[in-house]
Amino acid sequence: MEYDSRMISKAVILGYKDGFNNIASLVDVGGGTGGMAAQIVKFYLHIKAINYDLPHVITTAPPRDGVTHLGGDTFESIPNADAVFLKWILHDWSDKDCIKILQSCRKAIPEKSGKIIIVDVVLKPDGNGQFDGSCLASDLIIRLTFSGGKERTELEWKKLLEEGGFPTYKII
């Protein structure tokens with residue numbers, strides 16, 4: 001995943017443009033060794049980031065400027081921050097588990113100004129999106145590897161987000 005973070009960090013940072021400007025703190029949920037969080041704080045020096053993953057993963061994370069590593073269980077709680085960042089996390093989980101994760105995210109951010117930033121696939125409903133073929137191959141691997149995980153359409157994301165406490169969203 002470290003390689004993935006380096007590969008897409010520029011696209012995420014440029015694609016989200018000024019979205020990081022009003023964030024003072026960010027939690028990267030399932031952030032592995034903290035590569036993505038490190039890239040974000042490299043571009044946005046004012047952000048203090050927490051790389052949050054399972055304790056056994058965090059023990060392998062190297063020190064990174066502007067990033068604090070913290071071990072824990074996303075299903076129990078997520079550290080408080082202005083924003084929660086989830087890169088390729090929710091597609092690993094069933095709808096029921098995604099809703100639990102999203103509800104934990106909702107509790108971790110400020111009611112009015114908090115953000116959740118999700119980097120994941122949004123399938124076209126007709127299956128004719130530019131990357132839908134490779135996404136469906138990924139979907140098969142996810143389904144074989146993780147119980148209940150899958151790639152989702154915008155309507156499926158909308159339902160999950162609403163049930164998880166996020167009735168409004170923007171896809172970039």
Side-chain angles (χ1 to χ4, degrees), residues 1 3-23 25-32 35-37 39-40 43-44 47 49 51-53 74-75 77-172:
M1 289 299 182
Y3 176 75
D4 292 344
S5 291
R6 283 194 308 257
M7 220 169 63
I8 70 147
S9 63
K10 188 173 182 180
V12 169
I13 290 166
L14 293 175
Y16 197 48
K17 295 184 183 170
D18 298 326
F20 291 105
N21 284 340
N22 297 325
I23 297 171
S25 58
L26 177 136
V27 177
D28 184 358
V29 173
M36 188 70 201
Q39 290 299 313
I40 291 170
F43 282 89
Y44 296 92
I47 295 177
N51 174 44
Y52 187 66
D53 211 315
T74 302
F75 290 102
S77 69
I78 294 173
N80 292 340
D82 295 331
V84 174
F85 186 86
L86 298 138
K87 178 180 68 73
W88 297 330
I89 299 298
L90 297 177
H91 71 180
D92 292 342
W93 299 99
S94 69
D95 290 353
K96 181 179 175 186
D97 286 336
C98 283
I99 291 166
K100 286 181 191 174
I101 293 169
L102 290 167
Q103 288 170 338
S104 290
C105 292
R106 178 75 262 166
K107 292 176 188 172
I109 61 175
E111 182 67 33
K112 294 190 188 291
S113 62
K115 295 181 182 186
I116 182 170
I117 304 162
I118 301 171
V119 177
D120 221 316
V121 170
V122 179
L123 294 173
K124 297 287 185 189
D126 59 7
N128 290 325
Q130 182 179 3
F131 301 106
D132 282 2
S134 60
C135 292
L136 292 174
S138 171
D139 191 44
L140 178 60
I141 293 167
I142 291 166
R143 287 175 188 258
L144 292 172
T145 308
F146 300 98
S147 177
K150 64 180 182 176
E151 305 294 4
R152 294 173 171 90
T153 64
E154 183 176 351
L155 285 177
E156 290 170 314
W157 281 113
K158 181 181 192 305
K159 182 177 186 279
L160 286 181
L161 290 165
E162 285 176 351
E163 290 184 36
F166 298 92
T168 60
Y169 64 91
K170 179 180 179 181
I171 295 178
I172 300 173

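In this text the structure is predicted, and so the values were computed from the model without any measurement. These numbers come from the heavy atoms of this one structure, side chains and all, not from hydrogens, waters or symmetry mates.
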To the nearest 0.5 angstrom, please state how far the NZ atom of K150 sits from the SG atom of C98. 9.0 Å
Taking D82 for its side chain and G114 for its backbone only, find out whether a donor-acceptor pair lies under 3.5 Å. no
Output for pair (F166 CZ, I109 CD1), nearest 0.5 Å, gives 4.0 Å
Fit a plane to each ring of W93 and F75, take the angle between them on a 0 to 90° scale, and name the class: parallel (under 30°), tilted (30 to 60°) or perpendicular (over 60°). perpendicular
Cationic N near anionic O, under 4.0 Å, K158 to E154: no
For T74, does its backbone N or O pair with a side-chain atom of S104 as donor and acceptor, under 3.5 Å? yes
I would like to know whether I40 and F85 meet side chain to side chain contact (heavy atoms under 4.5 Å, CB included); could you show each step before the answer? CA-CA 10 Å; I40 291 170; F85 186 86; 4.1 Å; yes
Please report the closest heavy-atom contact between S25 and A81, naming both atoms and the distance. OG-CA, 3.3 Å
Could you measure the distance from the OH atom of Y52 to the OG atom of S77? Nearest 0.5 Å is fine. 4.5 Å
Tell me if a side-chain donor or acceptor on E163 pairs with a main-chain N or O of L160 at a distance below 3.5 Å. no
Would you say the side-chain atoms of K115 pair up with the backbone N or O of G19, donor to acceptor, closer than 3.5 Å? yes
Taking only residues two or more places apart in sequence, or in another chain, which ones meet D120 in a side-chain contact (heavy atoms from CB on, under 4.5 Å)? W88, L90, H91, I118, E151, W157
Working to the nearest 0.5 Å, report the span between SG of C105 and CG of L86. 4.5 Å
Determine yes or no for a side-chain-to-main-chain donor-acceptor pair under 3.5 angstrom, with D53 supplying the side chain and G32 the backbone. yes
Taking side-chain contact (heavy atoms from CB on, under 4.5 Å) as the criterion, tell me which of I23, I13, L26 meets it with Y44. I13
Could you tell me the separation between the CZ atom of F20 and the CD1 atom of I47, rounded to the nearest 0.5 Å? 6.5 Å
Going from CZ on R106 to CD1 on I116, what distance comes out if it is rounded to the nearest 0.5 angstrom? 8.5 Å
Run the numbers on M36 and V12 for side chain to side chain contact (heavy atoms under 4.5 Å, CB included), then give the verdict. CA-CA 10 Å; M36 188 70 201; V12 169; 3.8 Å; yes
Shortest non-hydrogen pair, A37 vs A49, comes out as CB-CB, 4.0 Å
Please report the shortest heavy-atom distance between I78 and V84, naming the atom on each side. CG2-CG2, 4.3 Å
